[in-house]
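Along the sequence shown, residues carry numbers from 1. First listed ligand is number 1; within each ligand, the first listed atom is number 1.
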Amino acid sequence: MSAAALIDVAGITKDYVTPGGVDVPVLHGIDLAIRRGEFVAIMGQSGSGKSTLMNILGCLDSPTAGRYVLTGNDVSALRDGQLAAVRNKTIGFVFQGFNLLKRMTALDNVALPLAYAGVSKREARRRARAQLERIGLGEFAGRLPNQLSGGQQQRVAIARALVMEPALVLADEPTGNLDTQTSNEIIDIFVKLNREQHMTVILVTHEPDIAARADRLVRLKDGVITYDGPAATGPSGARA
Ligand SMILES: Nc1ncnc2c1ncn2[C@@H]1O[C@H](COP(=O)(O)OP(=O)(O)OP(=O)(O)O)[C@@H](O)[C@H]1O
Ligand SMILES: [Mg+2]
């Protein structure tokens with residue numbers, strides 16, 4: 001592993017077990033190294049295992065087998081509580097459905113990770129407000145999620161993902177529920193974060209035009225990586 005590797009995944013497999021006790025193998029041995037500052041798009045058909053992989057990379061779930069080293073620490077065998085602590089400190093997660101708490105204002109949604117980390121309420125609100133302002137939503141801080149457009153809700157979710165200043169942002173189809181123009185605005189935010197703040201971004205998308213804005217593309221098929229290379233160019237690039 002190179003010194004600058006942020007993520008180093010070797011031989012990761014994931015089997016789900018259904019309530020009926022049937023073993024469902026989903027990932028079949030994933031090797032992936034991602035350096036700090038990379039912008040990686042993940043594509044693949046529905047059911048190919050993209051979200052399963054993202055949930056493991058994001059410490060929301062553990063692999064069945066294999067090794068996952070994140071920022072130099074082996075997180076493969078951590079229990080739920082330890083995994084949650086790593087997640088809160090190191091990773092910002094953005095989901096397709098925004099996943100904001102409905103009864104909380106935009107400000108309190110963004111402040112939530114800080115509250116979990118034990119930051120005082122006053123300081124958490126101050127930092128959450130600054131993050132909302134940075135993303136152009138300062139004036140919407142007091143709104144509930146249902147008083148915001150889809151694009152605004154996703155920006156709140158991005159502010160929440162960034163408020164702990166994570167090493168890594170993971171976004172699983174962040175534009176899946178948005179129209180084309182709003183999608184472009186959301187992707188612009190990720191591109192800017194990557195280019196200007198050197199944030200490491202891993203983004204799942206079905207849209208070739210979105211994937212083409214990343215530096216690197218990883219294609220998944222039936223739980224294996226079938227392409228890992230430049231995003232925009234070549235016969236297997238995003239627009240291929
Ligand atoms: N909790 C679970 N229990 C059993 N099988 C699961 C579970 N979660 C996902 N799967 C199965 O794992 C496979 C991969 O699912 P995953 O959600 O990773 O796909 P995906 O590539 O993200 O698809 P999509 O593009 O539709 O979001 C699918 O066949 C799915 O049915
Ligand atoms: Mg998915």
Hey, does Gly49 sit under 4.0 Å from ligand 1 if you only count heavy atoms?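 Yes; Gly49 lies near enough to ligand 1 that a heavy-atom distance drops under 4.0 Å.
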Hey, is His206 one of the residues with a heavy atom under 4.0 angstrom from ligand 1?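 Yes, His206 has a heavy atom closer than 4.0 Å to ligand 1.
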Starting from [atom], locate the nearest protein heavy atom and write down its residue, its atom name and how far away it is, to 0.1 Å.
atom                    : answer
atom 25 (O) of ligand 1 : Lys50 NZ, 2.7 Å
atom 5 (N) of ligand 1  : Tyr16 CD1, 3.5 Å
atom 14 (C) of ligand 1 : Gly47 O, 3.4 Å
atom 26 (O) of ligand 1 : Ser46 OG, 2.6 Å
atom 17 (O) of ligand 1 : Ser51 CB, 3.7 Å

Side chains of Pro63 and Lys14 in contact at under 4.5 Å (non-hydrogen atoms):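 Of all side-chain heavy-atom pairs linking Lys14 with Pro63, none is under 4.5 Å.
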Would you say Thr105 and Arg143 make side-chain contact, with heavy atoms under 4.5 Å?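 Not touching, per the 4.5 Å side-chain cut-off.
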Would you indicate whether [X], at its atom [atom1], is surrounded by more than 12 heavy atoms from other residues, nucleotides or ligands within a distance under 6.0 Å?
X      : atom1 : value
Glu123 : CD    : yes
Gln45  : CD    : no
Asp80  : CG    : no

Nearest option to atom 11 (C) of ligand 1, as decided by whichever heavy atom of Val26, Asp23, Leu220 sits closest: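 Nearest heavy atom to atom 11 (C) of ligand 1 lies in Val26.
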N/O separation below 3.5 Å, Thr52 to ligand 1: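 Between Thr52 and ligand 1 (N or O atoms, distance only) the closest approach is under 3.5 Å.
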Do any nitrogen or oxygen atoms of Gly44 lie less than 3.5 angstrom from nitrogen or oxygen atoms of ligand 1?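 Not met; the criterion fails.
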Which atoms of ligand 1 have any heavy atom of Glu173 under 4.0 Å away?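 So the atoms of ligand 1 that pass are 25 (O), 27 (O).
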Distance under 4.0 Å to a non-hydrogen atom of Gln45: what atoms of ligand 1 satisfy this?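 Near Gln45, meaning under 4.0 Å from one of its heavy atoms, ligand 1 has 21 (O).
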Membership question, hydrophobic clusters at under 4.5 Å side-chain separation (ILVMFWY): are Leu107 and Leu162 in the same one?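 The answer is yes; both residues are in one hydrophobic cluster.
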Could you tell me whether atom 31 (O) of ligand 1 has at least one protein heavy atom nearer than 4.0 Å?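 So far as the 4.0 Å threshold goes, atom 31 (O) of ligand 1 is out of reach of every protein heavy atom.
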Any protein heavy atom under 4.0 Å from atom 7 (C) of ligand 1?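 At least one protein heavy atom is under 4.0 Å away.
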Under 2.8 Å from the Mg ion (ligand 2) - does any N, O or S atom of Ser51 fall there?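 Short answer: yes, at least one N, O or S atom is under the cut-off.
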Can you give me the closest heavy-atom contact between Ile186 and Gly151, atom names plus distance?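 Smallest interatomic distance, heavy atoms only, reads CD1-O, 3.8 Å.
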For Gln131, which of Arg129, Arg127, Arg134, Glu133 qualifies under side chain to side chain donor-acceptor pair (under 3.5 Å)?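 The residue from Arg129, Arg127, Arg134, Glu133 that satisfies side chain to side chain donor-acceptor pair (under 3.5 Å) with Gln131 turns out to be Arg134.
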Between Arg216 and Asp228, does any side-chain N to carboxylate O distance fall below 4.0 Å?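 Yes, charged N to carboxylate O under 4.0 Å.
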Checking Asp179 against Thr182: is there a side-chain donor and acceptor pair closer than 3.5 Å?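 A donor-acceptor contact under 3.5 Å links the two side chains.
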